[in-house]
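Proteins come first, then strands; the chains are lettered A, B, ... in the order of their sequence lines, and each starts at number 1.
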Amino acid sequence: MPEKFLQPYDPAATESRLYAEWEASGLFNPDECVRQGVTPAEAPTYSVTLPPPNVNGVLHVGHAYEDSLQDAVVRYHRMKGERTVWVPGTDSAAIATQSRVEKNIQKEEGKSRHDLGREELVRRVAAFAKESEGTILAQVRRMGASLDWSRYAYTLDEERVQAVAEAFKRMYDSGLIYRGHRIVNWDPKGQTTISDDEIVYQEEKAVFYYLKYGPFTIGTARPETKFGDKYVVMHPADMRYAEWKDGQTIELEWINGPITATIVKDESIDMEFGTGVMTITPWHSMVDFDIAERHELDKEQIINEYGKLLPIAGEFEGMKITEAREKIVEKLRAKGLVVKEEPYVHNIATAERTGGIIEPQIKLQWFVDVTKPFVIAHSEIPGIESGSSLTLKELMLAAVKHGGVTMPQEGFKKAYFHWIENLRDWCISRQIWFGHRIPVWYKDEEIFIGTEAPTGDGWAQDPDVLDTWFSSALWTFSTLGWPRQTNDLATFHPTSFMSPAYEILNLWVSRMILMSGFHLGQVPFKTVMIHGLVRDKQGRKFSKSLNNGIDPLDMINKYGADALRMGLLVGTAIGNDVSFDESRVKGYKHFANKLWNIARFILENTANTPEINIGRTTSNMTEGDEAILAACDALTKDVTLDMEEFRMYMAAEKIYHYAWHELADKILEESKPILAGTDEIAKQSRASLLLLLLTRTLKLLHPFMPFVTEEIYQSMPTKDANYLMVAKWPV
RNA sequence: GCGCGGUUAGCUCAGUUGGUAGAGCGCCUCGUUGACGUCGAGGAGGUCGUAGGUUCGAUCCCUACACCGCGCACCA
């Protein structure tokens, strides 16, 4: 028995060494597994893409949980003998990273991005991203994640930049990307558009005003936008206003004097709300914009990009809307136009990253059209025929509906469908500087779209960058070399499994399905297992602003990576949130040591076993031994089924229970008299049995606690591979 | 307003086709020159949110309600 077993198990001394060995062995790479003969060349493939962490800080235990889940799945499939690849990567996360660096610069140097200029800011953000990347990759390695580092990708590296430009061009050429004046969510603080999904709603107590608008009374919570309102809208079936006809004009006294207003009848009006009459502000409201489009009405801008009133506001020009509101109401009161005021609670839209209050604006932006039909030349997606015509929306629905992508959790599937059904065109341009620059150049009236800048003078590239999710959406195949027709792409795509948190189901999962469907005619992954969030003790999400993140490295240093992995996995039903509980991690550190001692006992007592004689062919096997073996086989079967059905938390708990309360508590105890006895045949038989049981336990446990199991396995006389990592999963 | 998830031991959470419940940590008692004090043996602690229903039997299935969280919508 090696001397190391005389000491308690020491994760710190073991884990980094083992990870380095694994990495050096090349066995994280399926090609290398084939080359070394541990995986058959014709074995089925299993591929997983790591959801790339954002390079804007450090990982917290939520990431550690995600890594533990995936690594368990990946290690299981690798041991099953499949050509298994887990592709690592990181995400530049355009807006998140830039805004973080901007904040730092503002705080430390008192400078804004405009003080620095585009080039300098991008340089600084990239430097920050690089540093962050180093930290993150070190953290991921310490977790024991068996990622194939030879396939590492970054969303903003050269290959991915090419892929993004190519994707943009192909979609533009198919008419699915267009540029147009549309109403978008404008963040006055961040000075950029953001998508619907980057909005956080906050409840606000406000006042709801009823204002006299000629013969009508209109309701509004935003009097400061009302300057330009010259259309008054009501439902065509509202009998209270039957005397007014669509298109009829009326003269009335308004905030800054007399105006001419036009009656509009539109069915979108809720007769029950307020007075059933409203005026519209198409430039600053999605709903109003839609009404204006339907009736071809004029649209006027009231508020500028900095949240200040424009000249149309007359005496209020240049005021911030928040301070203008009171003054405008005062004036309205003085003119006798305020009929009634009542308290009112509503949600205001704020930008997730900057906290700025969203002001809808009409802007010239780039969009992905989700409702325009296109012909899909080639499709392997169930429910979609090659050569058929469909929209991106239909594609996203069909891929899940017909089982191309399986989403085992019905609840999330429902949420997915609901989101897609309400989907609007995806605004993909962002007025920031860090990220994928839009691959479009302008010269007078000419426009050029390409992966390289056009030749000739006078071309200017679009200043905007793409929404970060545009590049993330290509991730499952851009990491495999697309648009080149690589071996990897042919071998590993569609990928097998993806496990993101539910908060990015819409942001990311749906868009991967969109992009993969359009560009490859494939689904991006066959199974998507949505997991929950790890929260802090108070049940809050980990966030940089709360600074409540827990660094996995602190936990690993204290208890070991195996313990952290078990502490996060066991007792966490997939899809549910959990509060991080350090005491659980502590408990599994004890378990690692328990396992160590089980190994010590068995190795000590089998050291003199002259011939390892394992298996059912042992002719001296007693009934008791048979029962023990049968129980172990039953466990193996059970655990294997759990793994196949992604119940990692169940599998892990079962092996834990078996190792401690069966193997150690019962089998080892009852073995003591046998091993101390004089019946040599019984002794040998028992010794063989114990070695078998320990080997089996190590294998079943390896996907969850890779380090301690590998370390013990290395000392086992029953090794059937150089590394437990590639040893054969028991059947 | 619509939808989704949760409500189980002091705390954090499991509970896979319905047979009155488990893990870790914490607590109590005893023990240990024994593979293991990062331990062992034993124990206390739960009317499984509430009220109905289905069933021989419900933590589990159905209905309603309450509270917590989340998503979507509204936000004139």
Side-chain angles (χ1 to χ4, degrees), chain A residues 1 5-6 8-10 196-197 201 203-204 206 208-211 213 217-223 225-226 229 232-234 268-270 273-281 285-288 291 344-349 409-419 421-422 502-503 505-506 532-533 535 537 539-541 559-560 563 566-567 569-573 575-605 638 641-642 645 647 649-650 652-654 656-657 660-661 664-665 668-669 671-672 675-676:
Chain A
M1 184 187 65
F5 285 104
L6 298 176
Y9 176 61
D10 180 5
D196 291 349
D197 311 284
Y201 289 96
E203 204 166 79
E204 188 195 53
F208 195 74
Y209 301 94
Y210 288 91
L211 307 177
Y213 190 81
T217 300
I218 59 160
T220 183
R222 302 204 56 192
T225 64
K226 298 280 137 197
D229 289 10
V232 59
V233 193
M234 61 215 72
S268 69
I269 300 298
D270 180 357
F273 191 92
T275 58
V277 184
M278 68 183 237
T279 60
I280 58 168
T281 314
S285 155
M286 306 270 175
V287 179
D288 295 2
I291 295 172
Y344 176 64
V345 178
H346 68 154
N347 292 328
I348 53 166
Q409 299 128 305
E410 285 300 318
F412 289 123
K413 202 191 262 186
K414 231 170 147 174
Y416 174 83
F417 287 138
H418 183 254
W419 182 78
E421 278 152 16
N422 293 300
Y502 60 72
E503 55 182 352
L505 175 62
N506 298 337
L533 268 29
R535 296 172 177 276
K537 274 206 173 67
R540 300 173 307 181
K541 276 210 291 203
Y559 307 108
M566 284 292 275
L569 278 182
V570 177
T572 305
N576 288 355
D577 291 356
V578 280
S579 291
F580 180 68
D581 183 5
E582 188 172 334
S583 68
R584 286 219 299 230
V585 180
K586 187 175 156 194
Y588 291 107
K589 179 181 181 175
H590 296 178
F591 177 55
N593 193 58
K594 184 75 183 178
L595 204 64
W596 192 249
N597 286 311
I598 291 170
R600 176 199 299 181
F601 177 86
I602 292 178
L603 289 173
E604 222 168 28
N605 285 287
D638 227 22
L641 188 66
D642 283 336
E645 293 175 1
R647 287 189 299 268
Y649 63 108
M650 296 283 308
E653 189 172 4
K654 282 173 188 165
Y656 165 86
H657 190 267
W660 202 312
H661 300 298
D665 286 359
L668 253 48
E669 288 304 325
S671 299
K672 284 175 184 172
L675 294 167

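Interface remark: the A:K586 side chain does not form any donor-acceptor pair with the B:C25 base, using a distance-only criterion of under 3.5 Å.
In this structure, A:F580 atom CZ and B:C11 atom C1' are separated by 15 Å, rounded to whole Å. Protein atom NE2 of A:H418 is 7 Å distant from nucleotide atom C1' of B:A73, rounded to whole Å. When rounded to the nearest whole Å, the span between CH2 of A:W660 and C1' of B:A23 equals 11 Å. Here the P atom of nucleotide B:C39 and the CG atom of A:L668 are 16 Å apart, to the nearest Å. Rounded to an integer number of Å, the gap from A:D270 CG to B:C74 C1' is 9 Å. The CG-P distance, from A:L505 to B:G3, rounds to 19 Å in whole Å. Rounded to whole Å, atom C1' of B:G71 lies 11 Å from atom NZ of A:K541. If you measure from atom CG of A:N593 to atom P of B:C39, you get 8 Å, rounded to the nearest angstrom.
At the heavy-atom level, A:V287 lies under 4.0 Å from the strands shown only through sugar-phosphate atoms. As judged by a 4.0 angstrom heavy-atom cut-off over every strand, A:F5 is placed among residues making no nucleic acid contact.
Base-pairing analysis of RNA chain B finds the following stems of at least three consecutive Watson-Crick or G-U pairs, with both pairing distances under 3.5 Å: B:1-7 with B:66-72, B:10-13 with B:22-25, B:27-31 with B:39-43, B:49-53 with B:61-65.
Side-chain N/O atoms of A:N506 include none lying less than 4.0 angstrom from OP1 or OP2 on B:C72. Phosphate proximity of B:C39 to A:H590: present, with a side-chain N or O under 4.0 Å from OP1 or OP2. Considering only side-chain N and O atoms, A:K414 lies under 4.0 angstrom from the phosphate OP1 or OP2 of B:C4. The phosphate of B:G24 (OP1 or OP2) has no side-chain N or O of A:K589 nearer than 4.0 angstrom. Regarding contacts with the backbone of B:U38, every side-chain N or O of A:Y588 stays at 4.0 angstrom or more from both OP1 and OP2. Between A:Y201 and B:C74, a side-chain N or O to OP1/OP2 separation shorter than 4.0 Å is absent.
Comparing the C1' positions of B:U47 and B:A9 gives an interatomic distance of 14 Å, to the nearest angstrom.
A donor-acceptor pair shorter than 3.5 Å cannot be found between the side chains of A:Y502 and A:Q409.
Of the possible polar contacts, none joining the A:R535 side chain to the A:V578 backbone as a donor-acceptor pair under 3.5 Å is found.
Contact annotation: the side chain of A:K654 approaches that of A:D638 to within less than 4.5 Å [non-hydrogen atoms, C-beta and beyond].
Scanning for ring pair (Phe, Tyr, Trp, His ring centres under 6.0 Å) contacts around A:F208 gives A:Y210, A:F273, A:Y344, with sequence neighbours left out.
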